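Naming: A, B, ... by sequence-line order, numbering from 1 per chain. Computed from a prediction, not measured in an experiment: that's the story for all the values here.
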Amino acid sequence: MPMDFQILDADYEVVNDSSPVIRLFGRGADGKSVCCFVPDFEPYFYLKASGDLHAVARLVKDTFGQVTKVEIVEKFEPVGYQKIKKEMLRITTRLPRDVPEIRDDILKLREVMKAEGKWEVYETDILFRNRFLIDKSLGGMVWVSAEGKPVDPARYFRAGSSGNSRCENFACDSSIIASGFQKIENLTIASLKYLSFDIECLPLDGGMPSPDVSPIIMISFAFEPEYRGHKTLVLVAKPAEGMDADVISCRDETEMLNRFFEIFCEYDPDIIVGYNHQDFDIPYITDRVKALVAKGEAINPVVGRDGSKIGYRKFGLITRTEFKGRVVVDALPLVRRAFSLKQYTLRVVSKELLSREKLDVPPLEMEEYWVDTGDKFRKFVDYSRRDSELALELILNLRLLDKYIALARVSGSLLQEVVDGGQTSMVETLLLREFGLRDRVLLPKPNDGVSAERYEMSSDLKGGEVLEPKKGLLENVLILDYKSLYPTIMMAHNLCYTTVVTEDRPEGETIKPPSGGEFVLPEVSKGIVPSILEDLLNQRTETKKRMKRASDQNEYRVLDATQLALKILLNSFYGYSGYARARLYSLTLANAVTSFGRHNILNTREIINNTIGKIVLRGDAALLLKEAGELSSSDIIVELSVAYGDTDSVFVHCKSGGDLSLEEISLVGNRLSAIVSASLPDPMELEFESIAKHALLIAKKRYALWLFEPSNSGWEGQIKVKGMETVRRDWCELTSVTLNRVLELVLIEGDVDRAVEHVREVVSNVRNLDPAKDSEMIESLILTRTLTRKTDSYKNKQPHLTVVEKTKERTGSVSSIGTRIPFVITAGKGLFVDRAEDPEYVREHNIPIDVDYYIKKQILPPVERILEVFGVKISSLDFDSKQKGLFDFEAKKPEVNKPEKPPSERENKVKVQEQDPFQENGRAEQSSLFDF
DNA sequence: CAGCGGTCCTAT
DNA sequence: TCAGATAGGACCGCTG
């Protein structure tokens with residue numbers, strides 16, 4: 001009977017001290033956890049040597065006892081167009097660890113051989129499990145059907161002298177030795193078991209707990225699916241009576257910890273969830289267990305499917321944990337990546353994303369709650385339980401893993417690598433697989449010296465082109481977008497590491513990017529990266545088609561995650577080429593891509609502004625002037641001009657004598673998309689995305705749109721803000737809210753008067769702020785900033801730094817790098833940075849807020865940047881606490897077309913954009929804010 | 001007061 | 001946020 005399972009994790013174990021055996025851990029189609037042993041896969045790497053290769057081969061074999069086989073193979077070198085393959089050595093070793101052991105020494109043989117040319121090693125730093133997955137076309141979350149016989153892991157490994165105790169604790173439902181296996185196409189995801197946990201410690205004096213001295217007093221679990229009828233469990237390290245059924249009272253800490261590991265292994269989870277458990281709970285448990293064991297306590301801290309114990313490793317600032325056969329998923333970094341929030345404490349995150357309240361026990365009263373036997377203790381238990389629940393809900397309810405599961409499948413990297421790492425591991429997995437198939441070897445990762453050098457050079461990498469916006473308010477703006485610009489450029493122009501002309505010259509023509517360099521034509525040699533991209537793009541198109549046919553919601557979700565994953569991967573290759581730590585780094589390639597991109601957007605602007613210039617709408621047709629022939633009075637003439645663009649987007653302002661409907665503008669959009677796309681090499685495409693009925697362009701990368709996109713139920717309007725203070729997290733909530741309202745009034749209602757009135761109200765509220773009554777208002781004045789480095793490596797004072805230092809002095813608690821620090825500006829003299837203060841502290845001590853700062857620096861400047869477009873001038877200088885002359889409508893006041901409002905006394909009409917001579921049809925009888 | 005370095009965060 | 005990239009706006013506080 002073949003066994004079908006989905007690969008969750010993979011590694012290897014050495015049997016008999018002599019040969020490695022791959023272990024694939026997974027969850028079976030039958031719901032059981034599986035460990036599948038695969039023997040007979042051997043580690044290897046490549047050596048490019050000069051001189052007599054047979055002699056080198058013999059020497060390698062004679063020199064290194066670990067080498068079992070040396071073959072002469074033909075391979076292409078990693079970079080550059082090459083006409084023919086070169087002979088290299090493929091060196092097989094007994095154990096995976098032999099590869100790094102001999103790779104440096106092997107280069108020294110060059111002197112022994114007295115060889116002339118350069119020697120180089122390739123693929124010497126590929127983890128053995130990844131080597132296996134890549135060579136066998138398997139990968140994370142892939143389904144495998146394995147043939148083989150069941151095996152008792154304990155007996156299997158006892159043969160080896162390494163005979164470790166882990167085997168006794170082997171924690172899989174079934175184990176087999178594979179005699180054969182194959183990948184199977186299966187879109188579904190196995191029924192995974194999720195376990196979330198959270199620990200509570202008792203610090204000595206309300207400070208930070210230290211594992212040497214502060215005991216763990218509670219551990220909570222949340223399960224999905226249930227564990228023996230329990231959705232949650234709370235273990236407490238003291239005798240307790242009268243508790244709920246899901247509370248397990250233990251004699252002491254040691255018993256509790258042992259119960260923890262027992263329940264953990266019995267439940268046998270696939271996904272280990274927590275909130276910041278990667279950085280806190282797991283290292284803490286590890287160290288605490290060590291401390292207790294050192295004192296003579298008996299604890300067996302098994303968490304791995306192979307019986308391995310809990311542990312962690314620190315790399316600089318980051319902690320990595322590994323639970324063999326399982327996947328550790330910390331909700332904190334996932335939430336961070338998925339949502340832009342001002343703070344990422346579990347309290348804030350749960351409230352914002354789940355609308356759930358975190359329960360809290362004040363740190364200073366923790367001991368009191370712990371020794372209590374009644375309500376307070378129950379509250380403490382509830383608080384602990386809730387934290388586990390929340391972490392699990394974040395992952396499950398927000399479906400945070402879907403994307404990562406899809407990325408693992410599509411890239412072939414293990415889920416843990418995808419969740420932990422960036423795009424690098426995924427890109428490299430794809431590259432290694434495709435390079436292997438095409439007989440090309442890949443370079444090892446660069447060392448620190450090389451990447452530092454490259455990092456310096458990277459200043460020569462130019463990026464995208466940002467067009468100067470036509471600042472102001474525009475009506476009827478088409479938004480066009482290049483679909484996957486950089487990947488399609490690479491495909492269209494065959495840009496690749498393997499096509500760049502270096503040593504060998506192809507016959508005939510080459511592709512010459514604006515940035516320089518030369519690439520061979522696809523007919524001469526099709527690039528590997530373009531081929532990978534093409535495949536990803538085809539898969540994505542196919543996936544999107546299947547989404548339309550999808551019958552049930554689950555299938556739809558999986559497909560949607562898949563197409564998103566494909567998009568992410570498509571866009572990863574360009575970044576990788578300019579990434580200093582990449583195995584393959586090529587400024588020539590990266591610059592070729594961006595230079596084509598810049599060229600492209602400028603060219604598009606030229607076509608739209610000048611070659612096309614105007615479009616004639618006649619019935620359902622959007623015609624070029626030359627196609628239109630003689631114009632009739634029913635024709636609508638639309639004049640086009642590019643108002644803005646950033647890298648891969650073009651905003652086209654459509655002007656005509658009268659109103660244009662969304663349908664009419666769409667006709668123009670579709671025509672533009674067709675014309676421009678036709679002028680581009682395949683598969684580059686300019687897509688008609690949406691229409692901004694009104695667009696407010698403030699600066700490069702700063703704008704707000706009243707956007708309409710075609711949907712099933714006609715047109716749906718929404719405001720979209722980019723780059724402005726409403727979307728920036730280093731401004732206070734009051735700024736965002738106020739600005740949003742102003743944008744709404746101005747963009748949709750066209751009512752500048754009301755916007756001004758609104759601002760006036762807000763300012764007056766702030767000025768008359770009464771801290772005693774207005775705690776909500778103070779909430780909305782909180783600013784946040786990320787602590788980006790160690791506090792001593794800042795060159796300048798920073799407000800959040802001030803707060804971090806003050807807090808450390810007061811409570812001893814230190815903020816870790818990467819956390820967002822909330823603060824408010826308090827009243828007083830001196831620099832603003834010195835007056836930053838912890839909001840909590842301000843509330844407790846009734847410290848007055850610097851109202852003036854908030855009005856003059858937080859509310860008014862962003863508002864002013866918007867309203868000055870309409871001629872509203874806010875003379876903040878004139879303004880004093882008596883609210884006199886707050887707004888100074890210098891000469892201009894907008895005339896707004898609102899019948900219910902009295903006409904403005906002032907004559908000047910708003911100057912939205914420079915006046916346009918193009919007024920033909922008499923359709924603009926009423927003047928409105930948006931007419932000109 | 002203009003200009004600049006340092007810092008943060010966002011757009012693409 | 002120990003690993004995709006650059007472009008760019010805005011702020012603060014210092015300097016000349």
>> Is A:Y455 close enough to C:dT6 that one of its side-chain N or O atoms is under 4.0 Å from OP1 or OP2 there?
In response: no
>> Just to be sure I understand the rule, does A:Y486 reach a base, reach only the sugar-phosphate, or reach nothing, if contact means heavy atoms closer than 4.0 Å?
In response: nothing
>> Any N or O donor-acceptor pair under 3.5 Å from the base of B:dC9 to the side chain of A:R728?
In response: yes
> Between the side chain of A:H277 and the main-chain N/O of A:I272, is any donor-acceptor distance below 3.5 Å?
Replying inline: yes
>> Is there a side-chain contact between A:H800 and the phosphate of B:dT7, meaning an N or O under 4.0 Å from OP1 or OP2?
In response: no
>> Within the 4.0 Å heavy-atom criterion, would you say A:V427 contacts the bases, only the backbone, or no part of the nucleic acid?
In response: nothing
>> Within 45 degrees of the ring normal and closer than 6.0 Å to the centroid, is that where the cationic atom of A:R785 sits relative to A:F823?
In response: no
>> Which is more 5' along DNA chain C, the nucleotide nearest A:G818 or the one nearest A:I698? Just name the residue.
In response: A:G818
> Counting any heavy atom closer than 4.0 Å, what does A:K701 reach on the DNA or RNA strands: base, sugar-phosphate only, or nothing?
Replying inline: base
> Mapping A:R820 and A:E725 onto DNA chain C by nearest heavy atom, which one lands closer to the 5' end?
Replying inline: A:R820
> For the pair made of CZ in A:R785 and C1' in B:dT7, what is the distance, rounded to whole Å?
Replying inline: 6 Å
> C:dG4 C1' sits how many Å from A:R583 CZ, rounded?
Replying inline: 15 Å
> Among B:dT7, B:dT12, B:dC9, which is the nearest nucleotide to the side chain of A:D648?
Replying inline: B:dT12
> Between B:dT12 atom C1' and A:E465 atom CD, what is the distance in whole Å?
Replying inline: 13 Å
> Mind checking the P distance from C:dC2 to B:dC9? Whole angstroms is fine.
Replying inline: 15 Å
> Under the 3.5 angstrom rule, does the side chain of A:D535 hit a backbone N or O of A:S531 as a donor-acceptor pair?
Replying inline: no
> Between A:K797 (NZ) and B:dG6 (P), how many Å, whole number?
Replying inline: 17 Å
> When all nucleic acid strands are considered with a 4.0 Å heavy-atom cut-off, which category describes A:S572: base, sugar-phosphate, or nothing?
Replying inline: nothing
> Which is true for A:R598 with a 4.0 Å heavy-atom rule: it touches a base, it touches only sugar-phosphate, or it touches nothing?
Replying inline: nothing
> Taking atom P in both C:dT1 and C:dA5, what distance in whole Å separates the two?
Replying inline: 12 Å
> Among side-chain atoms of A:T735 and A:Q858, is any donor-acceptor pair under 3.5 angstrom?
Replying inline: yes
>> So A:Y579, base contact, sugar-phosphate only, or nothing? Heavy-atom distance under 4.0 Å.
In response: base
> Quick one: is C:dG4 close enough that its OP1 or OP2 comes under 4.0 Å of any side-chain N or O from A:T424?
Replying inline: yes
> Are more than 12 heavy atoms from other residues, nucleotides or ligands located less than 6.0 Å from atom NZ of A:K462?
Replying inline: no
> Looking across every strand, which nucleic acid part, if any, lies under 4.0 Å from A:T786 by heavy atom: base, sugar-phosphate, or nothing?
Replying inline: base
>> Classify A:R320 by what it touches in the nucleic acid, base, sugar-phosphate, or nothing, heavy-atom distance under 4.0 Å.
In response: sugar-phosphate
